[in-house]
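Structure, as structure tokens:
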Amino acid sequence: QVQLVESGGGLVQAGGSLRLSCKASGRTFGINNGWFRQAPGKEREFVAGINWAGGLTFYGDSMKGRVTISRDNRENTVDLQMTSLKPEDTAVYYCAARSEGVSIRARDYDYWGQGTQVTVSS
């Protein structure tokens with residue numbers, strides 16, 4: 001089992017930045033992670049993913065160029081640095097984990113955090 005806890009969400013003005021963090025506990029060795037987001041009335045959307053070693057990163061189209069994913073396996077954290085935020089980035093952001101590589105599909109992930117709200121005001 002893997003437990004994931006997100007932090008770092010909040011209210012920010014358009015053009016601002018936020019850094020989200022996902023703290024993992026339990027059987028964390030070898031897990032691969034993704035960040036997703038879900039706005040009201042919309043499907044859960046892939047934002048970024050990173051493999052266990054940290055050498056492979058993937059980004060969804062919606063935030064590409066404005067987001068960077070990174071990890072620290074000593075601290076069991078996966079961070080999402082977001083810049084140039086827009087009102088349409090408002091959503092609940094979720095951290096996810098799985099054993100078999102990185103996937104852009106939410107249904108492929110076995111473990112999820114509770115989510116952290118990001119609100120971008122115009």
Side-chain angles (χ1 to χ4, degrees):
Q1 292 288 330
V2 177
Q3 294 78 43
L4 304 170
V5 178
E6 302 96 335
S7 61
L11 175 64
V12 64
Q13 289 188 332
S17 300
L18 274 178
R19 188 177 185 90
L20 306 182
S21 187
C22 173
K23 177 72 172 179
S25 60
R27 299 184 67 177
T28 60
F29 184 82
I31 62 171
N32 304 277
N33 292 90
W35 278 97
F36 290 78
R37 68 183 185 181
Q38 189 165 20
K42 295 188 177 182
E43 293 187 354
R44 196 161 292 192
E45 177 185 37
F46 176 76
V47 176
I50 188 167
N51 70 335
W52 163 252
L56 292 176
T57 57
F58 304 87
Y59 296 96
D61 291 338
S62 61
M63 297 193 77
K64 190 175 290 184
R66 301 186 293 123
V67 65
T68 303
I69 190 170
S70 61
R71 70 185 307 138
D72 183 342
N73 288 341
R74 295 169 301 176
E75 299 293 331
N76 290 326
T77 56
V78 178
D79 289 353
L80 189 71
Q81 178 67 49
M82 304 185 293
T83 61
S84 302
L85 285 163
K86 306 174 183 179
E88 51 264 44
D89 295 320
T90 295
V92 177
Y93 284 70
Y94 296 92
C95 178
R98 66 192 298 260
S99 299
E100 300 289 335
V102 178
S103 173
I104 66 171
R105 299 181 302 190
R107 64 177 181 268
D108 290 338
Y109 286 82
D110 301 309
Y111 305 101
W112 291 86
Q114 82 288 350
T116 186
Q117 176 71 47
V118 171
T119 303
V120 184
S121 63
S122 56

* Sequence neighbours excluded - ring pair (Phe, Tyr, Trp, His ring centres under 6.0 Å) pairs with any residue from residues 37-72 -> Phe29-Trp52, Phe36-Phe46
* To do: Look up atom OG1 in Thr68 and atom CD in Gln81, then write down how far apart they are to the nearest 0.5 Å.
  => 7.0 Å
* To the nearest 0.5 Å, how far apart are OG1 in Thr28 and CG in Asn73? -> 7.5 Å
* **Stepwise side-chain hydrogen bond (donor to acceptor under 3.5 Å, both in side chains) check, Ser21 with Asp79** => CA-CA 4 Å; Ser21 187; Asp79 289 353; 2.8 Å; yes
* Asked: Of all heavy-atom pairs between Ala39 and Ala91, which one has the smallest distance, and what is that distance?
  -> N-CB, 3.8 Å
* About how many Å separate OG1 of Thr57 and CG of Asn33, when rounded to the nearest 0.5 Å? -> 13.0 Å
* Asked: Taking all atoms of both residues into account, what is the closest heavy-atom pair of Lys86 and Val120, and its distance?
  -> O-CB, 3.2 Å
* Asked: Met63 and Trp35: side chain to side chain contact (heavy atoms under 4.5 Å, CB included), yes or no, with the steps?
  -> CA-CA 11 Å; Met63 297 193 77; Trp35 278 97; over 6 Å; no
* Assess whether atom CZ of Arg19 is packed by more than 12 heavy atoms of other residues, nucleotides or ligands within 6.0 Å. => yes
* Asked: Can you tell me how far the OG1 atom of Thr116 sits from the CG atom of Leu20, to the nearest 0.5 Å?
  -> 6.0 Å
* Asked: Is there a donor-acceptor pair under 3.5 Å between the side chain of Lys23 and the backbone N or O of Val78?
  -> no
* To do: Give a yes or no answer on whether the side chain of Asn51 reaches the backbone of Leu56 with a donor-acceptor pair at less than 3.5 Å.
  => yes
* To do: Specify the closest pair of heavy atoms between Tyr93 and Leu80, including all atoms of both residues, with the distance to one decimal.
  => CD2-CD2, 4.3 Å
* Hphob cluster co-occupancy, Val47 + Tyr94, side-chain heavy atoms under 4.5 angstrom -> no
* Which heavy-atom pair separates Ser103 from Asp108 by the least distance, and what is that distance? -> OG-OD2, 2.6 Å
* Structure fact -> Smallest heavy-atom separation, Ile31 atom then Arg71 atom, equals O-NH2, 3.5 Å
* Are Asp72 and Thr77 close enough that a side-chain donor and a side-chain acceptor fall under 3.5 Å? -> no
* Cluster link Val92 to Tyr109, ILVMFWY, side chain under 4.5 Å -> yes
* To do: Output yes when a side-chain donor or acceptor of Asn32 lies under 3.5 Å from a complementary backbone atom of Ser99, and no otherwise.
  => yes
* To do: Give a yes or no on whether the backbone of Thr90 and the side-chain of Arg37 come within a donor-acceptor separation of less than 3.5 Å.
  => no
* **Backbone of Arg107 reached by a side-chain donor or acceptor of Arg105 within 3.5 Å** => no
Can you list, pair by pair, the side-chain donor-acceptor contacts under 3.5 Å of residues 2-17, counting residues two or more places apart and other chains?
from : atom 1 : to     : atom 2 : distance (Å)
Gln3 : OE1    : Ser25  : OG     : 3.4
Glu6 : OE1    : Gln114 : N      : 3.0
Glu6 : OE1    : Gly115 : N      : 2.9
Glu6 : OE2    : Cys95  : N      : 2.8
Glu6 : OE2    : Gly115 : N      : 3.3

